[in-house]
Amino acid sequence: MTEVSSLTGRLLVATPALADLNFDRAVVLLLDHDEEGSLGVVLNRPTPVGVGDILGSWAGLTGEPDVVFQGGPVSLDSALGVAVIPGDEGPLGWRRVHGAIGLVDLETPPELLGPALGSLRIFAGYAGWGPGQLEGELTEGAWYVVESEPGDVSSPRPENLWRAVLRRQRSELAMIATYPDDPSLN
């Protein structure tokens with residue numbers, strides 16, 4: 001089998017041509033990517049459901065908006081916590097994914113993690129790809145792959161994240177940020 005170069009910790013930014021409504025203008029943080037497949041969460045799909053409505057003990061530790069995000073179309077009945085924790089050492093109940101970004105074990109008492117959290121976001125579900133599936137989508141041009149920044153996880157304006165991530169690129173991708181929502185109106 002061909003070796004897969006890991007994209008863990010990077011962002012997948014949906015191209016305007018991506019036709020899957022689950023990923024229209026999506027920004028996906030890849031939490032795991034290897035020869036067995038890929039797993040990530042969509043960073044810009046807030047739901048109207050408050051964190052306190054689902055995980056009361058974690059309410060108040062998440063940033064604004066204090067809602068659950070739809071992490072993707074897979075396993076919508078499960079929750080993932082993604083947190084940014086500055087520094088070299090993370091607390092018990094947190095596993096580093098990339099840089100300061102990591103996964104929170106939501107079974108850990110929040111009071112153990114709370115003081116260390118720089119930011120926290122709760123996701124219902126995730127986006128997943130089987131072996132080679134993401135690589136196929138990349139070859140087809142469905143996604144742009146760019147570096148993540150810790151602030152992407154906790155953007156207070158998630159509805160603007162797609163444009164913001166593209167705009168900060170130092171390439172022709174920055175111009176894609178101006179792509180209209182409906183090109184037929186142009």
Side-chain angles (χ1 to χ4, degrees), residues 9-32 38-85 93-95 97 100-114 116-129 137 142-144 146 148-168 176-183 185:
R10 310 237 358 237
L11 295 178
L12 299 177
V13 181
T15 67
L18 184 60
D20 186 337
L21 291 178
N22 288 309
F23 297 108
D24 182 44
R25 303 241 172 163
V27 177
V28 178
L29 172 66
L30 282 174
L31 301 171
D32 192 26
S38 305
L39 181 142
V41 289
V42 179
L43 297 177
N44 57 337
R45 294 281 191 274
T47 71
V49 179
V51 171
D53 297 337
I54 306 267
L55 296 168
S57 60
W58 291 97
L61 292 176
T62 58
E64 290 298 320
D66 187 21
V67 298
V68 175
F69 281 65
Q70 184 175 339
V74 181
S75 293
L76 290 171
D77 58 346
S78 65
L80 285 169
V82 178
V84 173
I85 296 186
W94 180 79
R95 180 180 62 84
V97 170
I101 301 168
L103 285 167
V104 171
D105 177 355
L106 295 173
E107 298 295 320
T108 302
E111 55 274 5
L112 293 179
L113 283 166
L117 292 176
S119 65
L120 170 67
R121 187 120 308 148
I122 304 295
F123 297 90
Y126 63 90
W129 294 264
E137 291 181 15
W143 301 99
Y144 304 120
V146 301
S148 64
E149 294 182 1
D152 296 333
V153 172
S154 59
S155 173
R157 307 256 339 235
E159 66 278 4
N160 296 337
L161 191 59
W162 186 83
R163 289 187 193 283
V165 168
L166 288 171
R167 195 174 293 120
R168 74 175 183 233
I176 303 294
T178 64
Y179 197 86
D181 291 334
D182 185 352
L185 298 177

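Side-chain contact check for Val104 versus Trp58: some heavy-atom pair is nearer than 4.5 Å. Leu12 has its side chain out of reach of Val27: every pair of non-hydrogen atoms, C-beta onward, lies at least 4.5 Å apart. The side-chain heavy atoms of Ile101 and Ser148, taken from C-beta on, include a pair separated by under 4.5 Å. Contact check for Phe23 versus Val42: side-chain heavy atoms found under the 4.5 Å cut-off. Counting heavy atoms from C-beta outward, Leu18 and Trp143 have side chains that approach closer than 4.5 Å. For the pair Val49 and Ile54, the minimum side-chain heavy-atom distance is below 4.5 Å.
Separating the OG atom in Ser155 from the CD atom in Glu149 is a distance of 11.0 Å, to the nearest 0.5 Å. Note that CD of Glu64 and CG of Asp66 are 6.0 Å apart. Values are rounded to the nearest 0.5 Å. Expressed to the nearest 0.5 Å, how far CZ of Arg121 lies from CZ of Phe69 amounts to 3.5 Å. Rounding to the nearest 0.5 angstrom, the gap separating the CG atom in Asp105 from the CH2 atom in Trp94 is 13.5 Å.
Minimum heavy-atom separation, Ser38 to Leu30: CB-CD2, 4.2 Å. Across Gly114 and Leu61, no two heavy atoms sit closer than the pair CA-CD2, 4.0 Å. For Ser75 against Ser78, the heavy-atom pair with the smallest separation is O-OG, 2.8 Å. Asn22 and Asp20 make their closest contact through N-OD1, 2.8 Å (heavy atoms, listed as atom of the first residue, atom of the second, distance). Nearest heavy atom pair, residue Ala83 against residue Leu120, reads CB-CD1, 4.1 Å. The minimum heavy-atom distance linking Gly72 with Leu76 is given by the pair O-CD2, 3.0 Å.
Here the rule is side chain to side chain contact (heavy atoms under 4.5 Å, CB included) with Val146, and of Leu166, Val165, Asp152 only Val165 fits it.
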Evaluation steps, side-chain contact (heavy atoms from CB on, under 4.5 Å), between Val68 and Leu55: CA-CA 9 Å; Val68 175; Leu55 296 168; over 6 Å; no
- prompt: Passes side-chain contact (heavy atoms from CB on, under 4.5 Å), Val82 versus Leu103? Steps please.
  reply: CA-CA 5 Å; Val82 178; Leu103 285 167; 4.0 Å; yes
message: Using side-chain contact (heavy atoms from CB on, under 4.5 Å), reason through Asp24 and Arg45 one step at a time and then give a plain yes or no.
response: CA-CA 10 Å; Asp24 182 44; Arg45 294 281 191 274; 4.3 Å; yes
query: Please walk me through it: do Leu43 and Phe123 pass side-chain contact (heavy atoms from CB on, under 4.5 Å)?
result: CA-CA 9 Å; Leu43 297 177; Phe123 297 90; 3.7 Å; yes
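Judged by distance alone, with hydrogens and angles left aside, the side-chain atoms of Thr47 form no donor-acceptor pair with the main-chain N or O of Gln70 at under 3.5 Å. Without hydrogens or angle criteria, Arg167 side chain to Ala177 main chain gives no donor-acceptor distance under 3.5 Å. With Asp32 contributing its side chain and Leu39 its backbone, the two residues share no donor-acceptor pair below 3.5 Å. With Arg163 contributing its side chain and Tyr179 its backbone, the two residues share a donor-acceptor pair below 3.5 Å. Checking side-chain atoms of Trp162 against main-chain N and O of Asn44 turns up no donor-acceptor pair under 3.5 Å.
Atom CZ of Arg168 has more than 12 neighbouring heavy atoms from other residues, nucleotides or ligands inside a 6.0 Å radius.
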